Novice: 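My structure is below; once you've seen it, I'll send some questions.
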Protein chains: 2
Amino acid sequence: MKRKRLRSHCPINFGLESFADKWSLLIVRDIIFRGKTTYGEFLKSEEGFATNILATRLTHLEEEGILEKRVNPDDARKNQYWLSEKGLDLVPMLFEMILWSSKYDPKSEARRITKLVEQIRKDNRKISHKIMERLRKGLPIFPEYLD
Amino acid sequence: MKRKRLRSHCPINFGLESFADKWSLLIVRDIIFRGKTTYGEFLKSEEGFATNILATRLTHLEEEGILEKRVNPDDARKNQYWLSEKGLDLVPMLFEMILWSSKYDPKSEARRITKLVEQIRKDNRKISHKIMERLRKGLPIFPEYLD
DNA sequence: TTGATTCACTTGCATATTGCAAGTAAACGG
DNA sequence: CCGTTTACTTGCAATATGCAAGTGAATCAA
């Protein structure tokens, strides 16, 4: 969890330097919404990770303490990446991002998961905690919200 | 408001491509929290914008419809950048980011604005709307929250 | 009115980061 | 033991960044 000197301790800057490049947050998304855990699964994402970029970002997120790497006991080739509590705590912010995109991107995929978006709008904190609880158990988002 | 083809319409990706490089969101922050409006003011930010980077990011945010550029009627050299409604709508997400950083950065400046952080924790939506209302009038964050 | 200054950029160039293709090494499966 | 899968690493061309210097319009001071 090393870190090359922060530009500042402004909380917005801290967030930017922790996770907000064009790729890192997609990994977090893949874990939360798609239930992905391995390098190979992330690699298949539609945005198209380059192999080296994915590797550096996984390392970065691990160093930041947002991800935790574990070896799959059933197949030692497959490393698994899980969200730490610090990573899980990104859920409420991601949900606000979803609300924003849903409002301003006419083609947003968020417009197809209206149940979840509605829950977030009504009470982000409440639904976030529910989802985080599920993620701790290794389960992704409630499937019934993704219809 | 051009845009080179999005990688996807995933709402997280849409946010990332709209504002989440290491610089753009700092401009938004400067407007909301520091009441800045001009190129010269942004340039003084502690994170240290390079002049060309600042210029490209201002253009980008304008093209995204997050900022609006106006000429200062009192001094035609000084362009002013204001948040559009789309830009203002980033406030709730920025506030969640502040909560997260406040929790995980021991040196976070957010830990010195406990009143605001407390308000966000209690009811992000409510305090966000209040702040957005002020920003529409050209006023930054309530000064009493920044003690 | 004119010359100096301010302001918002733009340009040039060295350095750093990205993206693609190819390669490697350990673990598994037969 | 041998081919395959998985998770990376490496090389290299293309792109983006960061710093210093320059430009041009608007304002100010005399």
Side-chain angles (χ1 to χ4, degrees), chain A residues 2-8 13 16-28 30-31 34-64 67-82, chain B residues 2-8 13 16-28 30-31 34-64 67-82:
Chain A
K2 68 148 193 255
R3 190 190 249 295
K4 30 185 164 173
R5 179 148 184 66
L6 283 167
R7 295 182 298 186
S8 79
N13 184 57
L16 289 174
E17 298 205 37
S18 299
F19 55 74
D21 65 280
K22 293 249 182 295
W23 297 106
S24 297
L25 214 54
L26 295 182
I27 297 172
V28 177
D30 277 351
I31 297 174
R34 324 255 199 263
K36 296 182 182 180
T37 56
T38 67
Y39 181 92
E41 289 173 324
F42 299 133
L43 208 58
K44 289 180 205 147
S45 299
E46 60 175 324
E47 290 86 2
F49 283 99
T51 56
N52 54 347
I53 300 294
L54 176 55
T56 59
R57 292 316 189 279
L58 285 169
T59 303
H60 174 73
L61 287 170
E62 211 191 334
E63 285 172 351
E64 291 294 335
L67 295 185
E68 286 167 13
K69 187 180 186 170
R70 301 173 200 166
V71 179
N72 182 336
D74 299 330
D75 185 342
R77 291 171 304 176
K78 295 183 182 176
N79 295 327
Q80 292 186 323
Y81 292 91
W82 296 96
Chain B
K2 70 148 192 253
R3 189 191 249 295
K4 30 185 163 173
R5 179 145 186 66
L6 282 168
R7 296 181 297 185
S8 78
N13 184 57
L16 289 174
E17 298 205 39
S18 299
F19 54 73
D21 64 282
K22 293 252 182 296
W23 296 107
S24 296
L25 213 54
L26 295 181
I27 296 173
V28 176
D30 278 351
I31 297 174
R34 324 256 200 263
K36 296 182 183 181
T37 55
T38 68
Y39 181 93
E41 288 173 324
F42 299 133
L43 208 58
K44 288 180 206 147
S45 299
E46 61 174 324
E47 289 87 1
F49 283 99
T51 55
N52 52 348
I53 300 294
L54 177 55
T56 59
R57 293 316 190 277
L58 286 169
T59 304
H60 173 73
L61 287 170
E62 211 190 334
E63 286 172 351
E64 291 295 334
L67 295 185
E68 285 167 13
K69 188 180 186 170
R70 301 173 200 165
V71 179
N72 181 336
D74 299 330
D75 185 343
R77 291 171 305 174
K78 296 184 182 175
N79 295 327
Q80 292 187 323
Y81 293 91
W82 297 96

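Just so it is clear, the values below take in all heavy atoms, side chains as well, and ignore hydrogens, waters and symmetry mates. No experiment lies behind these values; they were computed from the predicted model shown. Residue numbers begin at 1 in each chain, while the letters A, B, ... track the order of the sequences.
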Novice: Take the protein atom CG of B:Asn72 and the nucleotide atom C1' of D:dC28, then report the distance between them rounded to whole Å.
Specialist: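 My rounded result for the distance is 16 Å.
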
Novice: Would you say a side-chain N or O of B:Trp23 is under 4.0 Å from OP1 or OP2 of D:dT17?
Specialist: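 Result: no.
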
Novice: Suppose we screen for salt bridge (Lys or Arg N to Asp or Glu O under 4.0 Å). Which residues come up paired with A:Glu41, at least two apart in sequence or across chains?
Specialist: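 A:Glu41 satisfies salt bridge (Lys or Arg N to Asp or Glu O under 4.0 Å) with no other residue.
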
Novice: What integer distance in Å separates A:Asp21:CG from C:dA16:P?
Specialist: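 Nearest whole value for this atom pair: 19 Å.
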
Novice: Nearest-Å distance, CD (A:Glu47) to P (C:dT18)?
Specialist: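 About 16 Å, once rounded to whole Å.
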
Novice: How close or far is atom C1' of D:dT15 from atom CD1 of A:Ile53, stated in whole angstroms?
Specialist: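 In whole Å, D:dT15 C1' and A:Ile53 CD1 are 12 Å from each other.
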
Novice: Which parts of nucleotides 4-11 of chain C does protein reach within less than 4.0 Å, heavy atoms only, written one letter per nucleotide 5' to 3' as B for base, S for sugar-phosphate only and - for none?
Specialist: --BSSBBB

Novice: Just how far, in rounded Å, is P of C:dT17 from CD of A:Glu17?
Specialist: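 The distance from CD of A:Glu17 to P of C:dT17 comes to 13 Å, rounded to the nearest Å.
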
Novice: Rounded to the nearest Å, what distance is computed from the CZ atom of residue A:Phe42 to the P atom of nucleotide D:dC8?
Specialist: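 That distance rounds to 10 Å.
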
Novice: Go through C:dC28, C:dT18, D:dC19 for me and flag the one nearest to the A:Ala76 side chain.
Specialist: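 Nearest to the side chain of A:Ala76 among the choices is C:dC28.
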
Novice: Taking A:Thr56 for the side chain and A:Ile53 for the main chain, is one N or O donor matched with an acceptor at less than 3.5 Å?
Specialist: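 Side chain of A:Thr56 to backbone of A:Ile53: a pair is present.
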
Novice: I'd like to know if the side chain of A:His60 reaches the main chain of A:Ser18, judged simply by a donor and an acceptor atom lying under 3.5 Å from each other, with no hydrogens or angles considered.
Specialist: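 Indeed, once roles are kept as given, a pair shorter than 3.5 Å links the two residues.
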
Novice: Taking side chain to side chain contact (heavy atoms under 4.5 Å, CB included) as the test, write out the residues that go with B:Arg34, two or more places apart.
Specialist: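 Expected list: A:Cys10, B:Arg29, B:Asp30, B:Lys36, B:Glu46, B:Glu109.
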
Novice: Please test A:Lys22 against B:Glu17 for salt bridge (charged side-chain N to carboxylate O under 4.0 Å, His left out), starting from the C-alpha separation and ending with a verdict.
Specialist: CA-CA 7 Å; A:Lys22 293 249 182 295; B:Glu17 298 205 39; over 6 Å; no

Novice: Among B:Phe42, B:Trp23, B:Tyr39, exactly one meets ring pair (Phe, Tyr, Trp, His ring centres under 6.0 Å) together with B:Phe49. Which residue is that?
Specialist: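 Only one of B:Phe42, B:Trp23, B:Tyr39 forms a ring pair (Phe, Tyr, Trp, His ring centres under 6.0 Å) with B:Phe49, namely B:Trp23.
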
Novice: Are OP1 or OP2 of D:dC8 and a side-chain N or O of A:Arg57 less than 4.0 angstrom apart?
Specialist: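 No.
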
Novice: Without decimals, in angstroms, what is the distance between A:Phe49 CZ and D:dA7 P?
Specialist: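 Answer to the nearest Å: 14 Å.
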
